[in-house]
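A short write-up of the structure that comes next.
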There are 2 protein chains.
Amino acid sequence: MVKPDPRVILKEHNIPITIQRVKILEYLIRTNEHPTADQIYSEISDEAILSFATIYNTLHLFTKAGIVNELHIDKDKTHYDIVRKPHDHFLCRECQKIYDIYDLPIQPFTNDTIDGHSIERAHIYFYGICRECLKKNKR
Amino acid sequence: MVKPDPRVILKEHNIPITIQRVKILEYLIRTNEHPTADQIYSEISDEAILSFATIYNTLHLFTKAGIVNELHIDKDKTHYDIVRKPHDHFLCRECQKIYDIYDLPIQPFTNDTIDGHSIERAHIYFYGICRECLKKNKR
DNA sequence: CATATCGTTGTAATTATAACAATTTCAAAA
DNA sequence: TTTTGAAATTGTTATAATTACAACGATATG
């Protein structure tokens with residue numbers, strides 16, 4: 001899979017380029033995690049001068065632009081996820097890891113109407129025990 | 001619809017009865033909102049002596065017992081919802097009201113396996129503009 | 001009645017996030 | 001090159017939700 005260029009993405013969205021934005025986006029692209037603001041900070045604070053305020057500002061900016069999704073799968077932290085293909089998420093209640101779920105049998109909803117409400121987005125969160133923890137528990 | 005008796009519910013779950021628990025559950029049963037800890041406090045703090053600590057303790061207890069569901073549809077607050085029929089939720093980005101969504105075309109998922117993960121619960125959150133706000137905006 | 005357990009309270013601590021004023025950056029204009 | 005001004009970033013402070021915990025109180029059991 002070709003990793004997209006953060007600078008290109010920013011340009012496509014008419015967002016002026018700064019080192020901080022590039023670094024944050026770069027990290028979101030290369031990680032397979034669904035990092036919190038905190039994780040982003042500790043991962044890239046050595047690569048560029050940046051503060052927490054910038055992280056939050058930038059993530060809000062990216063969210064508005066549709067570059068990232070905020071996940072509220074986890075009770076007390078917001079996780080961020082770069083938008084590629086639409087997909088859903090699974091949180092393991094044992095190891096707390098978040099997995100991407102692609103290709104659900106259904107994925108309609110958006111641009112739809114339910115009970116008269118106009119639906120713009122839908123988030124589906126699954127909770128349970130992940131395959132890794134299932135394996136471990138068997139032993 | 002017959003409103004269930006809070007004391008009966010507590011007994012069924014082997015939870016010792018206290019005034020606070022009864023009052024909290026009573027409120028959850030009679031309200032059509034999806035209150036936050038805060039709302040619960042301000043609604044019933046005059047009916048019984050109770051503190052925030054008790055609200056949270058009780059809500060966690062109820063959640064574990066399966067009497068209520070924690071909703072994380074809203075970025076920075078937890079909303080609580082009494083468990084009756086399984087259903088999903090819609091949050092209006094204009095008026096912030098949460099609506100119950102019953103009878104989605106699909107509702108399988110639980111006790112299922114996806115990508116090898118064992119699914120125990122699924123939460124579906126819809127976001128958009130509710131029918132009331134749609135009406136208002138038309139005028 | 002004595003005592004052990006459980007529930008509640010009140011307060012203090014913690015954590016994530018937001019707000020804000022001061023400073024810096026940087027590109028365009030002069 | 002220098003100036004200028006908007007936008008971005010910083011560091012700090014504030015806020016709000018939630019949790020932790022020690023002390024107190026009620027209750028049930030023997």
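From a predicted model like this one, the values you see are computed outputs, not experimental measurements. Both backbone and side-chain heavy atoms feed into the values below; hydrogens, waters and symmetry mates do not.
Minimum atom distance to the side chain of B:Ser51 is reached by C:dG10, of the listed D:dT19, C:dG10, D:dT10.
Atom CD1 in A:Ile49 sits roughly 10 Å away from atom C1' in D:dT9 (whole-Å rounding). Regarding A:Leu10, its CG atom lies at a distance of 15 Å from the C1' atom of D:dA7, rounded to whole Å. Taking atom CG of residue A:Leu59 and atom C1' of nucleotide D:dA8, one finds them 15 Å apart after rounding to whole Å. Nucleotide D:dC21 holds its C1' atom 11 Å from the CG atom of B:Asn57, rounded to whole Å. Put simply, CZ on B:Phe52 is 17 Å from P on D:dA20, counting in whole angstrom units.
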**Request:** Produce a footprint string for nucleotides 23-28 of chain D: one letter per nucleotide, 5' end first; B if the base is under 4.0 Å from any protein heavy atom, S if only the sugar-phosphate is, - if neither.
**Result:** ------
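Every pair tested for ring pair (Phe, Tyr, Trp, His ring centres under 6.0 Å) that includes a residue from residues 58-77 of chain A fails, sequence neighbours excluded, so the list is empty. The stretch residues 33-42 of chain B participates, sequence neighbours left out, in these side chain to side chain donor-acceptor pair (under 3.5 Å) pairs: B:His34-B:Asp100.
Comparing B:Asp76 and B:Thr54 by the nucleotide of DNA chain C that holds the closest heavy atom to each, the one mapping nearer the 5' end is B:Thr54. Of the two residues near DNA chain C, B:Lys75 and B:Ile55, the one whose nearest nucleotide lies more 5' is B:Ile55.
Partners of B:His79 under the ring-ring contact (aromatic ring centres under 6.0 Å, His included) rule, at least two apart in sequence or in another chain, do not exist in this structure. B:Tyr127 meets the ring-ring contact (aromatic ring centres under 6.0 Å, His included) test with A:His123; sequence neighbours excluded. With sequence neighbours excluded, no residue forms a ring-ring contact (aromatic ring centres under 6.0 Å, His included) with A:Tyr27. In this structure, the ring-ring contact (aromatic ring centres under 6.0 Å, His included) partners of B:His117, at least two apart in sequence or on a different chain, are A:Phe90, A:Tyr99. Residues that satisfy the side-chain contact (heavy atoms from CB on, under 4.5 Å) test with B:Asn57, not counting sequence neighbours, are absent from this structure.
The bend of the helix from C:dC1-D:dG30 to C:dA30-D:dT1, defined by the angle between the axes of its first five and last five pairs, stands at 20° to the nearest 10°.
Salt bridge B:Glu47/B:Arg30: present, at least one basic N to carboxylate O contact under 4.0 Å.
If you check residues 13-45 of chain B against DNA chain C, the residues with a heavy atom closer than 4.0 Å are B:Pro16, B:Thr18, B:Gln20, B:Arg21, listed by number.
With hydrogens and angles disregarded, no donor-acceptor distance shorter than 3.5 Å links the side chain of A:Thr113 to the backbone of A:Gly116.
The hydrophobic cluster around A:Ile19 extends to none of the other residues, as no ILVMFWY side-chain heavy atom falls under 4.5 Å of it.
Contact check, B:His60 against D:dT18: no side-chain N or O comes under 4.0 Å of OP1 or OP2. Close to C:dT17, at under 4.0 Å from its OP1 or OP2, lies a side-chain N or O of A:Tyr56.
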List, one per line, each side-chain donor-acceptor pair under 3.5 Å for residues 6-13 of chain A, sequence neighbours excluded.
{"residue": "A:His13", "atom": "ND1", "partner": "A:Ile9", "partner atom": "O", "Å": "3.0"}

